[in-house]
J.: 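Structure provided below as structure tokens; questions to follow.
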Amino acid sequence: MSLFYRVMMKKRTFLYLSLWGAILGLSSCKKDLAPNAPSQRNRTVIEYMVADNNLYSYAERDINEMEAGWSDRFDGYMVVFLYPVSVESSYAPRQEDYDEDPRLLLISRDERTNVISSRVLKRYDRSLDPTDPEVMNRVIADAMTLAPAENYALIFWSHGSGWLPRGMGQPLKSAVPTAWDGSKLTGPMVENPGIAYSFGQSNSYDNAEMEIDALAGALPKETVFDFILFDACHMACIEVAWELKDRTKYLIASAAETLADGFPYEAILAPMFETEADVTAIGKAFFDYYNEQSGAWQSATVGVVRSDRLTEVAAAMRALCETEISADGISYAAQQYGRRAMGFENTFYDLTNFVQQTWGASDPAGVARFEAAMKEAVAYQAATPWLFDQLRVLTHCGLSCYLPRSSTPLSLEAYRTRFGWSEASGMGQLLP
């Protein structure tokens, strides 16, 4: 298979967790489980992998990366809910002992790259839809019970298309070929349009997706997660950050597409399990990994966003929206991160650049206040000079935004009526 662009809500904008059983491998190995449940530690990181799609092989590789990078010195647990492709899927491995059961894995050290040996904490029936908010809520609760900790963090792995409602996206997870030639990022790149995602995609459920407001509602209300990381495409948008601001201290995500290989787990495990999670180091490790590549594979954006500073960003934006816009009106000339080939060239604009382009002449003081608020809200941001050798990155603030358009009434209606940022910022009142 040539290089497919798959964008997750990564692995590109949701995912699940009965009994201790036998360790099973995604490839060929099975082991007995230890009889005792884990004791409480400092932090449990729960990764929700909706891999019931064309990204499945990358899910296997990422779990192997976690196992290779795991250390018993970490004061915590890494728990992965894996919802794999069905055995009938063309994306399923061709092996006699392939296991199609959704399951909750407790990551343990293993340097082998052809077998997953982590313990199975709980199995689930395939009749459960991984993009159902009730299923996600149950899985997260199971993970917190079976791997208890004082603090928790979440990773969402699958396809992604930011805040866009179901059916309004394109394939937003980019991939590399199955033949690696000794590298994770090699080979020609080929477009693969035709599928839509919000967060997650389950082929077993008619390409079901989870929308961001539903995802936020699925999270346990009594828990504020240390961070929520999206290993998926286009999830670093202000609309997503606003929906999750009361559920997490930090959001870590990409404003643009991410290659299917996603986050380099061996490099980010250690900062995830510091006493205080080093969220900046996580974002930097992701950027450094891709910035060291060459050609089309030198492609990455990342933002690390402080949730407790977003209200100041919204207030500064509302003040701007209540002032006179520059004579030319709303600027649609701002930096954007959606490639034309994927159908997203008018969807994900750089938030700060949009403000500068629209109010720079009419309200420079208001723009300065907004820039100051953004500087406090974005703890770390970075971007490569080009995305896939196709889209130039001239400016990057760490968050994208949607620009209201009467020409896209479905997305405009959803933006105005379902997403809190639209009202809090006043942007829902803007029209071209």
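Computed over heavy atoms, backbone and side chain alike; hydrogens, waters and symmetry mates excluded.
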J.: Quick check, are the ring centers of Y56 and Y91 under 6.0 angstrom apart?
T.: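 Between Y56 and Y91, the centre distance exceeds or equals 6.0 Å.
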J.: Aromatic rings H234 and F348: how do their planes relate, parallel, tilted or perpendicular, breaks at 30° and 60°?
T.: parallel
J.: Begin from the C-alpha positions of W297 and D389 and carry the test side-chain contact (heavy atoms from CB on, under 4.5 Å) through to its verdict.
T.: CA-CA 8 Å; W297 296 275; D389 266 352; over 6 Å; no
J.: Applying ring-ring contact (aromatic ring centres under 6.0 Å, His included), can you list everything that pairs with F370, at least two apart in sequence or on another chain?
T.: none
J.: For T248 and F225, indicate whether the former's side chain and the latter's backbone hold a donor-acceptor pair under 3.5 Å.
T.: yes
J.: State, to 0.1 Å, how close L219 and N137 come at their nearest heavy-atom pair, and which atoms those are.
T.: C-ND2, 4.3 Å
J.: Among residues at least two apart in sequence or on other chains, which ones pass side-chain hydrogen bond (donor to acceptor under 3.5 Å, both in side chains) with D288?
T.: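 Only K284 meet the side-chain hydrogen bond (donor to acceptor under 3.5 Å, both in side chains) criterion with D288.
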J.: Could you give all pairs that pass the side chain to side chain donor-acceptor pair (under 3.5 Å) test and reach residues 376-386, with sequence neighbours left out?
T.: R309-E376, Q381-H396
J.: Would you check if E47 and F156 make a side-chain contact, meaning some heavy-atom pair closer than 4.5 Å?
T.: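 They are not in side-chain contact.
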J.: With sequence neighbours left out, which residue pairs that include part of residues 289-307 fulfil the salt bridge (Lys or Arg N to Asp or Glu O under 4.0 Å) condition?
T.: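 Listed by first then second residue: R306-D308.
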J.: Not counting sequence neighbours, which residues clear side-chain hydrogen bond (donor to acceptor under 3.5 Å, both in side chains) with R416? List them please.
T.: none
J.: Taking E243 for the side chain and G420 for the main chain, is one N or O donor matched with an acceptor at less than 3.5 Å?
T.: yes
J.: Using the rule given for side-chain contact (heavy atoms from CB on, under 4.5 Å), can you reason through F230 versus I252, listing the C-alpha separation, both sets of side-chain angles and the distance that settles it, and then say yes or no?
T.: CA-CA 6 Å; F230 279 97; I252 307 170; over 6 Å; no
J.: Taking the six-membered ring for Trp and the full ring for Phe, Tyr or His, determine whether the centres of Y83 and W157 are under 6.0 Å apart.
T.: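 No, the ring centres sit 6.0 Å or more apart.
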J.: Using side-chain heavy atoms (C-beta onward) and a distance below 4.5 Å, is T352 in contact with D350?
T.: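 They are in contact (side-chain heavy atoms under 4.5 Å apart), so the answer is yes.
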J.: Do Y250 and F227 make the cut of ring centroids closer than 6.0 angstrom?
T.: no
J.: Donor-acceptor pairs are to be reported for all side-chain atoms of residues 145-154 against protein atoms at under 3.5 Å, with residues two or more places apart or in another chain.
T.:
from	atom 1	to	atom 2	distance (Å)
T145	OG1	A141	O	3.0
N151	ND2	N42	O	3.1
N151	ND2	N42	OD1	3.0
Y152	OH	M144	O	3.4
Y152	OH	A149	N	2.9
Y152	OH	A149	O	3.1

J.: Who pairs with Y402 by side-chain hydrogen bond (donor to acceptor under 3.5 Å, both in side chains), at least two apart in sequence or on another chain?
T.: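 side-chain hydrogen bond (donor to acceptor under 3.5 Å, both in side chains) list for Y402, sorted by chain: T408, S411.
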J.: Let me see the working for E322 and R318 under salt bridge (charged side-chain N to carboxylate O under 4.0 Å, His left out), right down to the final yes or no.
T.: CA-CA 6 Å; E322 292 173 351; R318 174 168 283 279; 3.5 Å; yes
J.: According to salt bridge (charged side-chain N to carboxylate O under 4.0 Å, His left out), who are the partners of E111, at least two apart in sequence or on a separate chain?
T.: R109
J.: With rounding to the nearest 0.5 angstrom, report the CD1 to CG distance, I116 to D62.
T.: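 So the CD1 of I116 and the CG of D62 are separated by 9.5 Å.
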J.: Taking the side chain as every heavy atom from C-beta outward, state whether Y290 and D261 have any atom pair closer than 4.5 Å.
T.: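 A side-chain contact exists here, since the closest heavy-atom pair is under 4.5 Å.
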J.: side-chain hydrogen bond (donor to acceptor under 3.5 Å, both in side chains) with E67: which residues, sequence neighbours excluded?
T.: S118
J.: Atom CD of residue position E423 - does it have more than 12 heavy atoms of other residues, nucleotides or ligands inside 6.0 Å?
T.: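 Result for CD/E423: open.
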J.: Looking only at heavy atoms, what is the nearest atom pair of V80 and I63, with distance?
T.: CG1-CD1, 4.2 Å
J.: Could you tell me whether the side chain of I140 reaches within less than 4.5 Å of the side chain of P220, counting heavy atoms only?
T.: yes
J.: Which atom names give the shortest non-hydrogen contact between F419 and D213, and what distance separates them?
T.: CE2-N, 4.2 Å
J.: Strictly by salt bridge (Lys or Arg N to Asp or Glu O under 4.0 Å), give each pair with a member in residues 267-278 just once, sequence neighbours left out.
T.: none
J.: I need the minimum non-hydrogen distance between C321 and L430, along with the two atoms involved.
T.: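 Smallest heavy-atom distance, with atoms named: SG-CD1, 3.9 Å.
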J.: Return yes if some donor-acceptor pair links the side-chain N/O of Q298 with the main-chain N/O of N291 below 3.5 Å, else return no.
T.: yes
J.: Any salt bridge between K221 and D246, counting N to O under 4.0 Å?
T.: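 No salt bridge links K221 with D246.
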J.: Working to the nearest 0.5 Å, report the span between CD of E134 and CG of D129.
T.: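 With rounding to 0.5 Å, CD (E134) is 11.0 Å from CG (D129).
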J.: Is the ring centre of Y349 less than 6.0 Å from the ring centre of F354?
T.: no
J.: Might you confirm whether atom CD of E371 has over 12 heavy atoms from other residues, nucleotides or ligands at distances under 6.0 Å?
T.: yes
J.: Ignoring hydrogens and geometry, is there a side-chain-to-backbone donor-acceptor pair from S299 to L387 under 3.5 Å?
T.: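 It does not hold such a pair.
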J.: Without swapping roles, check the side chain of Q335 against the backbone of L394 for a donor-acceptor pair under 3.5 Å.
T.: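 Flag set: sc Q335 to bb L394 pair under 3.5 Å.
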J.: Using side chain to side chain contact (heavy atoms under 4.5 Å, CB included) as the criterion, list what pairs up with T323, not counting sequence neighbours.
T.: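 Testing T323 for side chain to side chain contact (heavy atoms under 4.5 Å, CB included), a comparison that skips the adjacent residues, returns W359, D363.
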J.: Salt bridge check, D226 against R43: does any charged N sit closer than 4.0 Å to a carboxylate O?
T.: yes
J.: According to salt bridge (charged side-chain N to carboxylate O under 4.0 Å, His left out), who are the partners of R41, at least two apart in sequence or on a separate chain?
T.: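 So R41 forms no salt bridge (charged side-chain N to carboxylate O under 4.0 Å, His left out) with any residue.
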J.: Mind checking the CE-CG spacing from M427 to L351? Nearest 0.5 Å is all I need.
T.: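 So the gap between those two atoms works out to 7.0 Å.
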J.: For the atom pair OH (Y98) and OG (S86), what is the distance rounded to the nearest 0.5 Å?
T.: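 Between Y98 OH and S86 OG, I get 7.0 Å after rounding to 0.5 Å.
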J.: Quick one: does E65's side chain have a donor or acceptor within less than 3.5 Å of a partner on Y265's backbone?
T.: yes
J.: Does V85 reach the side chain of N53, with side-chain heavy atoms less than 4.5 Å apart?
T.: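 A side-chain contact under 4.5 Å is absent here.
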J.: Nearest 0.5 Å, please: how far is CD in E266 from CG in N64?
T.: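 Output value for this atom pair is 9.5 Å.
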J.: Show your reasoning for whether side-chain hydrogen bond (donor to acceptor under 3.5 Å, both in side chains) applies to S254 and T301.
T.: CA-CA 5 Å; S254 170; T301 62; 2.8 Å; yes
J.: Between CD1 of I238 and OG of S400, what distance do you get to the nearest 0.5 Å?
T.: 9.0 Å
J.: At their closest point, which heavy atom of A241 faces which heavy atom of L310, and how far apart are they?
T.: O-CD1, 3.6 Å
J.: Considering only heavy atoms from C-beta outward, does the side chain of T347 approach that of Y337 to under 4.5 Å?
T.: no
J.: Mind running side-chain contact (heavy atoms from CB on, under 4.5 Å) on Y415 and W421 for me, showing each step along the way?
T.: CA-CA 8 Å; Y415 176 78; W421 170 256; 3.6 Å; yes
J.: Test side-chain contact (heavy atoms from CB on, under 4.5 Å) on I107 and V79 and set out the steps.
T.: CA-CA 6 Å; I107 297 299; V79 179; over 6 Å; no
J.: Could you report the tightest heavy-atom contact between F74 and G69, atom names first, then the distance?
T.: CE1-O, 3.7 Å
